[in-house]
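Indexing begins at 1, ligand by ligand and atom by atom, following the structure's order. Predicted model only: the values in this text are computed from it and were never measured.
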Amino acid sequence: MSTVAPKKAKAKSAPGARTAGPATPSTAALTIALPRGRILDEALPLFKRAGIDLGAAEKARAGRKLVIPIPEHDMTVLIVRDADVPAYVEHGAADLGIAGRDVLEEQDRDLYEPLDLGIGRCRLVVAEPEDRPVDEMARVHLRYATKFPEMTRRHLQARGVVAEIIKLYGSIEIAPLVGLADRIVDLVSSGETLRQHRLREVETILEVSARVCVGRAAAKLRSDRIDELVARLRAVC
Ligand code: PRP
């Protein structure tokens, strides 16, 4: 899949700096933060095609184990919540991770994104009730419910729309049905959840797929291992 240019360094973190946790000696196992759920399900076959069998991670996950050594590849897999992957990677607790572009854009952390894996594809969209379309110019108090308040804020700001953003943690599609919001900003994959709740897409904000993300310290200290892994994954995705 496509190569993603590293983000420009931000002033808040000097190259190689670690903000928390012990320094990872370059001889330690390569630590990868993987998000449970659909991305993990799609990432495991990808790693296998790249010659890295993380089947042990699948088995251990079924047994509720969240830190999984893969000694045959000198790796350790951390199974974490998708929204937590960037924090593990930015702070150096994991050398690299896999996270959806939705999560990466929302958090806008100091990470390199060397490879888009093309898995976990979906879209971040604005949606509204089919029978209650919103008139953005009507100057009424609009409310948007979302798990992605930052991206929603940026989107509305770019359009010059003033609205209240209500942060929710899931089941966003309910919000317009019960009068909590006029519109939602949420992920759409098959579109079935929108259909079930009689919502229609207004516009797409972001095309989403999962990316490899790398912390600045690891990019410097572990570049050989990371470059090799990224090259192997690039060859199969
Ligand atoms: C996601 C997303 C939508 C749904 C879209 O929710 O937030 O609700 O999937 O999928 P679809 O277009 O294939 O119907 P998720 O299952 O992650 O649960 P959540 O509501 O708790 O966020």
Side-chain angles (χ1 to χ4, degrees), residues 1 32-46 57-58 61-62 64 66 77-89 94 97-109 111 113 116-134 142-156 158-159 161 163-213 237:
M1 198 40 63
I32 307 179
L34 296 179
R36 65 185 71 171
R38 183 177 155 206
I39 291 178
L40 181 64
D41 294 342
E42 295 184 33
L44 292 178
L46 199 64
E58 184 64 48
R61 184 172 65 119
R64 312 297 290 171
L66 303 176
V77 171
L78 309 179
I79 305 291
V80 304
R81 290 283 299 268
D82 59 348
D84 292 337
V85 168
Y88 280 86
V89 175
I98 295 178
R101 192 175 168 213
D102 51 332
V103 166
L104 293 165
E105 292 280 333
E106 177 69 14
Q107 299 187 16
D108 194 25
R109 288 174 183 265
L111 301 173
E113 294 169 17
D116 191 317
L117 296 170
I119 60 174
R121 285 190 183 278
C122 54
R123 290 174 300 120
L124 185 73
V125 307
V126 179
E128 65 186 11
E130 286 169 0
D131 58 356
R132 270 184 291 122
V134 163
L142 290 178
R143 288 176 300 176
Y144 284 68
T146 185
K147 277 190 284 191
F148 301 96
E150 267 309 305
M151 277 191 286
T152 301
R153 186 188 59 73
R154 281 181 235 142
H155 173 75
L156 294 174
R159 293 180 59 91
V161 175
E164 182 182 354
I165 297 171
I166 299 171
K167 163 88 196 242
L168 297 177
Y169 292 85
S171 302
I172 313 298
E173 292 84 354
I174 295 173
L177 307 186
V178 296
L180 180 59
D182 301 288
R183 281 181 167 173
I184 62 170
V185 171
D186 199 16
L187 298 174
V188 172
S189 178
S190 68
E192 188 54 32
T193 314
L194 288 186
R195 276 192 292 279
Q196 289 279 343
H197 298 89
R198 295 176 188 278
L199 300 168
R200 70 166 192 103
E201 284 184 38
V202 176
E203 62 184 314
T204 296
I205 296 180
L206 189 72
E207 298 283 346
V208 174
S209 50
R211 294 175 165 193
V212 174
C213 57
C237 68

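Side-chain contact between Ile184 and Val126 is absent, with no heavy atoms from C-beta onward closer than 4.5 Å.
Sequence neighbours left out, the pairs with a member in residues 170-183 that pass side-chain hydrogen bond (donor to acceptor under 3.5 Å, both in side chains) are Glu128-Arg183, Glu136-Arg183, Tyr144-Arg183.
Listed for the Ser190 side chain is a donor-acceptor partner under 3.5 Å among the backbone atoms of Glu192. Although no hydrogens or angles enter the test, the distance criterion places a donor-acceptor pair under 3.5 Å between the side chain of Glu106 and the main chain of Met151.
The residues lining ligand 1, counting any heavy atom closer than 4.0 Å, are Lys147, Gly170, Ser171, Glu173, Asp186, Leu187, Val188, Ser189, Ser190, Gly191, Glu192, Thr193.
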_Step-by-step side-chain contact (heavy atoms from CB on, under 4.5 Å) determination, Phe148 to Leu187_ = CA-CA 10 Å; Phe148 301 96; Leu187 298 174; 3.9 Å; yes

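The neighbour count for Arg195 CZ, taken as heavy atoms of other residues, nucleotides or ligands under 6.0 Å away, is above 12.
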